[in-house]
There are 2 protein chains.
Amino acid sequence: MPDAKPKKSSRIQQRNRYRILDAALDVFSAHGYRGATLDQIAEAAGLSKPNILYYFSGKEEIHVTLLSQLMETWLDPLVDMDASGDPVTEILAYVQRKLDMARELPRESRLFANEILQGAPRMRPHLTADLKPLFDEKCVVIQEWSDTGKIAPIDAQHLIFSIWATTQHYADFAAQIDLLIGPNVEAADAHLQALFSSILRK
Amino acid sequence: MPDAKPKKSSRIQQRNRYRILDAALDVFSAHGYRGATLDQIAEAAGLSKPNILYYFSGKEEIHVTLLSQLMETWLDPLVDMDASGDPVTEILAYVQRKLDMARELPRESRLFANEILQGAPRMRPHLTADLKPLFDEKCVVIQEWSDTGKIAPIDAQHLIFSIWATTQHYADFAAQIDLLIGPNVEAADAHLQALFSSILRK
DNA sequence: TCGTGGCTTTACCAATTGGTCAAAAAGTGA
DNA sequence: TCACTTTTTGACCAATTGGTAAAGCCACGA
């Protein structure tokens with residue numbers, strides 16, 4: 001039995017890897033990949049730089065690890081959209097889940113935005129493997145709802161883009177929004193529900 | 001007459017400054033501020049690095065110059081929204097102008113997105129001085145349209161955010177969109193017109 | 001108590017990067 | 001053509017940055 005040693009990583013390993021990834025999420029999401037330095041991550045994590053390189057082989061591995069983890073959580077709300085549920089309810093619930101996620105995980109949203117902005121150099125494989133199939137699948141579902149008259153006629157692909165754009169905007173452009181209307185963004189919920197509700201109803 | 005010497009910059013100065021800014025727009029919008037290097041900009045501009053520093057005092061000045069120039073063009077479509085025009089027409093025309101701009105100036109859109117994503121460290125003064133007053137002014141206009149029943153009841157601030165988010169999304173997330181549906185995004189026009197049309201009509 | 005293996009640190013390195021400087025080259029007007 | 005200014009360049013520098021090496025530390029089982 002080669003590769004024997006299923007020995008789980010020790011408690012200290014788990015703790016430190018978690019600390020590093022949490023610190024790295026702060027730094028990467030705030031400054032982008034190139035803008036982040038191992039020293040910043042090390043300081044934020046409360047560890048020395050060589051110590052960080054004991055747990056990860058390099059800066060890139062930390063980044064890739066974060067992106068992989070992110071992809072799972074990121075797709076959850078879309079996965080949950082149920083083809084057998086009530087169309088309008090399902091779509092509006094999806095909008096709400098995405099908005100909640102942007103609010104609860106703004107760092108993840110910005111990490112993702114940074115990566116895509118730069119052309120997704122490190123994430124393209126994940127996108128092709130995970131996001132694309134799911135996107136296509138849900139587009140079919142929505143298009144079917146549209147074709148069978150259960151919602152108003154609509155372009156499913158661009159509808160999803162609009163949902164992504166409007167919800168993630170509150171995390172990615174928070175600096176601008178905060179400057180323009182301050183931190184009180186509760187009205188966003190009602191607004192987005194109204195926006196997408198209005199185009200879905202026949 | 002102090003500061004005498006209004007001597008316009010020579011033709012060669014204008015040409016080289018333009019080349020540098022154009023190259024820098026490529027590089028900054030693709031890699032972000034920290035990710036861009038003077039060497040990359042120099043090569044893209046076809047000039048040597050010291051030569052670039054003959055025209056600009058440093059990396060930051062190039063970036064700031066780009067952001068200043070950007071701000072003007074960026075606000076134009078919103079400036080053009082006419083308080084005395086037909087409300088629905090005006091708003092839908094604004095959506096279209098923003099979408100056209102995202103398509104024609106994707107580099108500028110990404111430069112802006114990068115800057116805001118990082119918390120607008122170099123742009124906050126411009127935003128406060130130029131964007132905020134214009135935003136507030138147009139919000140009043142839209143809110144008035146809403147209050148007087150010329151369009152459906154709506155939150156003007158979040159409506160503008162949704163317009164920004166959906167239109168700029170096609171430039172900023174182009175890598176993702178291209179991967180999901182390819183480069184054919186003509187359907188975006190009709191979709192966005194329908195989306196915002198539906199929420200504006202009573 | 002000792003040794004062993006996992007964890008941490010100190011000291012260091014090579015490459016990259018923003019930027020300088022003085023001298024060469026190229027214009028330019030008289 | 002010549003003096004003078006503007007533009008360009010090659011050589012160089014200090015700071016930063018990702019990463020390495022090796023020695024030290026520490027917990028724990030025998």
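Per chain, numbering begins at 1; letters A, B, ... match sequence-line order. Bear in mind the structure is a predicted one, so any value in this text is a computation, not a measurement.
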Can you name the residues that form a side-chain contact (heavy atoms from CB on, under 4.5 Å) with [X], not counting sequence neighbours?
X      : result
A:S68  : A:V64, A:H126
A:A102 : A:A171
B:E43  : none

What is the distance, to the nearest angstrom, from the [atom1] atom on [X] to the [atom2] atom on [N]?
X     : N      : atom1 : atom2 : answer
A:R11 : C:dG6  : CZ    : P     : 16 Å
A:K59 : C:dA15 : NZ    : C1'   : 14 Å
A:R15 : C:dT8  : CZ    : C1'   : 12 Å
A:L53 : C:dG6  : CG    : P     : 19 Å
A:R17 : C:dT8  : CZ    : C1'   : 17 Å
A:E61 : D:dG18 : CD    : C1'   : 14 Å
A:F56 : D:dG18 : CZ    : P     : 16 Å

I'd like a table of donor-acceptor pairs (distance under 3.5 Å, sequence neighbours excluded) in which one partner is a side-chain atom from residues 23-30 of chain A, with atom names and distances.
from, atom 1, to, atom 2, distance (Å)
A:D26, OD1, A:R107, NH1, 2.7
A:S29, OG, A:L25, O, 2.7
A:S29, OG, A:D26, O, 3.1

Ring-ring centroid check A:F161 A:F135, cutoff 6.0 Å: yes
Terminal helix-axis angle for the helix from C:dT1-D:dA30 to C:dA30-D:dT1, with five pairs defining each axis and rounding to 10 degrees: 0°
For B:T37, side-chain hydrogen bond (donor to acceptor under 3.5 Å, both in side chains) partners two or more places apart: B:Q40
side-chain hydrogen bond (donor to acceptor under 3.5 Å, both in side chains) involving A:T166 - partner list, sequence neighbours excluded: none
Members of residues 36-52 of chain A that approach DNA chain D, where some heavy atom sits under 4.0 Å away: A:A36, A:T37, A:L38, A:K49, A:P50
OP1 or OP2 of [N] versus the side-chain N and O atoms of [X]: is any pair under 4.0 Å?
X     : N      : result
B:Q13 : D:dT6  : no
A:R34 : C:dT17 : yes
A:Y55 : C:dC7  : no

A:R124-A:T128 side chain donor-acceptor pair, cut-off 3.5 Å: no
Closest to side chain of B:Y54, choosing from D:dG19, D:dT6, C:dT20: D:dT6
Identify every side-chain donor-acceptor pair in residues 188-195 of chain A under 3.5 Å, counting partners at least two apart or on other chains, and give the distances.
from, atom 1, to, atom 2, distance (Å)
A:D189, OD1, A:R103, NH1, 3.4
A:D189, OD1, A:R103, NH2, 2.4
A:D189, OD2, A:Q96, NE2, 2.8
A:D189, OD2, A:R103, NH2, 2.8
A:H191, NE2, B:H158, O, 3.1
A:H191, NE2, B:S162, OG, 2.8
A:Q193, NE2, A:L92, O, 3.2
A:Q193, NE2, A:Q96, OE1, 3.4

